[in-house]
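Below is one structure, written out as structure tokens; the observations come after it.
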Protein chains: 2
Amino acid sequence: MGYKVSKAVVKRLPKYYRYLKQIKSKGIVRVSSSELSQITGLTPSQIRQDLNHFGGFGQQGYGYNVEELIGELQNILGMTVKYNAIILGAGNIGQAIAQYTGLSDTKFNITAIFDKSKKLVGKKISDIEVNPIDYLEPYLKKNDVHIAIIAVPLESAQELADICMDNGVKGIWNYAPLDLKVREGVRVENVHLDDSLFTLTFYLTNPWAAEKK
Amino acid sequence: MGYKVSKAVVKRLPKYYRYLKQIKSKGIVRVSSSELSQITGLTPSQIRQDLNHFGGFGQQGYGYNVEELIGELQNILGMTVKYNAIILGAGNIGQAIAQYTGLSDTKFNITAIFDKSKKLVGKKISDIEVNPIDYLEPYLKKNDVHIAIIAVPLESAQELADICMDNGVKGIWNYAPLDLKVREGVRVENVHLDDSLFTLTFYLTNPWAAEKK
DNA sequence: TAGATTGTTAATCGATTAACAATC
DNA sequence: TAGATTGTTAATCGATTAACAATC
């Protein structure tokens, strides 16, 4: 703890969390790295290595306490921190995110939604009213917003991201199909849906390329 | 061509495609690996290595012809192959995918949408009528469906995926927050939205972990 | 032709896996 | 205590980067 962690490790953490929750729902109290290996498909070594980046959560001869490990992962993943987020773009994607209920064991908090379309402004999406996009900047100045979720078309994405970054936003969850340019200290996570589809059609088209693992 | 390609390489291909389209729209005709390096942030070496998995598309002393390389990437990524896809789940995510216009330079083709909710059945989403989920199996038997897009809740995802795989579907684009179990020869691409969000909150919560690259 | 830039091999770096001593 | 399983170091594997000869 306190040193760099490779992106490969970070991307596996939510996966551990997901499987542990599943295990817990079956009433299982303890789990070993080799049991986790069987259900996740990762190696026991890798699982132990990954977790040990953040602390020794296991116990020799016993394994890991499921509930305890879930708690640790919630801390590690920032699920216990209150983050205020706003959604830019109230189209299907924006609405889907606003209505997504899977974040209920999280302190993640959507405080406002903005859209430029007059048709959508004023509409309520899971109890949050859609604001005109002009209100974005004043809103950011008045409120403490940590994360901006960008669900607008390609054209306006960078411009809106800039406004957010100019006003203290430190994390961007980007659904627009481009790589946003961000300043030092700001973190972007991209959800490039079409990239993902193309990797699928790639493998269907080139079965010979079939990945080693 | 004809041997295994690592997943890391495959994931960069759509990125190349995206940047090349952008370059082309600026009227640029040729590009070198070092120019591509500057705009993508990847190294020239890596770009040349990646492309050479699929053929020698460049020319010494010249670089790459932008339009030609775009064409090659379209072939490689399967954009020139006609794939029939169906969407399972007509909620926000399903609708967003059905309405997404970014696939226009693709032969990718959404032929049907299914949902279990009576409220949605019969509704038209970009000219495609939503069918009841019971029609899924007969539809698959009658039509040639290559890809199933799973945009249903966690609970029904695996069951529906099984029906699809039993009836010839070879690719699954999965939006449900679980890792689907698939049989030999079937390819899944997961879009785990919450995993993505958690990697974002992870970095905001643990700035010391800030990724090397 | 000379200059530029590729394609490709070799060197380096980092991530995964294996092994094992520590210990519950 | 004996058995199990971790935490952690060492070995292996694979991916990235560097270098350079081939060639347009």
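Chain letters run A, B, ... following the sequence lines, proteins first and then strands; every chain starts at 1. For clarity, every value in this text was computed on a predicted model and none was experimentally measured.
For the OP1/OP2 pair of D/dT16 and a distance below 4.0 Å, the side-chain nitrogens and oxygens of B/Thr43 include no atom meeting the criterion. Taking only side-chain nitrogens and oxygens, B/Tyr64 never comes nearer than 4.0 Å to OP1 or OP2 of C/dA4.
For the pair B/Cys164 and B/Ile150, the minimum side-chain heavy-atom distance is 4.5 Å or more. Within the 4.5 Å cutoff, side-chain heavy atoms of B/Tyr16 are placed close to those of B/Arg12.
As judged by a 4.0 angstrom heavy-atom cut-off over every strand, B/Ser45 is placed among the base-contacting residues. Counting any heavy atom pair closer than 4.0 Å across all strands shown, B/Ser33 reaches sugar-phosphate atoms only and no base atom.
Whole-Å rounding puts the B/Lys7 NZ to D/dC13 C1' distance at 19 Å. If you measure from atom CG of A/Asn52 to atom C1' of C/dT17, you get 15 Å, rounded to the nearest angstrom. Distance A/Gln59 CD to D/dG3 C1': 15 Å, rounded to the nearest Å. As rounded to whole Å, 10 Å separates atom C1' of C/dA4 from atom CD of B/Gln60. B/Gln46 places its CD atom 16 Å from the C1' atom of D/dA19, with the value rounded to the nearest Å. Nucleotide C/dG7 holds its P atom 13 Å from the OH atom of B/Tyr62, rounded to whole Å. Distance, A/Glu68 CD to D/dT6 P: 13 Å, rounded to whole Å. The distance from atom CD1 of B/Ile47 to atom C1' of D/dT16 is 12 Å, rounded to the nearest whole Å.
With rounding to the nearest 0.5 Å, the separation of CG in A/Asn190 from OH in A/Tyr175 is 11.0 Å.
Across all strands shown, C/dA21 forms a Watson-Crick or G-U wobble pair with D/dT6, both key distances being under 3.5 Å.
Set against C/dT5, C/dC20, D/dT5, the side chain of A/Arg48 has C/dC20 as its closest nucleotide.
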Derivation of the side chain to side chain donor-acceptor pair (under 3.5 Å) call for B/Thr43 and B/Ser45: CA-CA 5 Å; B/Thr43 65; B/Ser45 260; 5.2 Å; no
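Between A/Ala8 and B/Gly61, it is B/Gly61 whose nearest contact on DNA chain C lies nearer the 5' terminus.
In this structure, A/Phe202 has its ring center closer than 6.0 angstrom to the ring center of B/Phe54.
Counting distance only, with no hydrogens placed and no angle test, the side-chain atoms of A/Gln49 and the base atoms of D/dT6 include no donor-acceptor pair under 3.5 Å. Residue-to-nucleotide contacts include no donor-acceptor pair under 3.5 Å from the side chain of A/Ser6 to the base of C/dA15.
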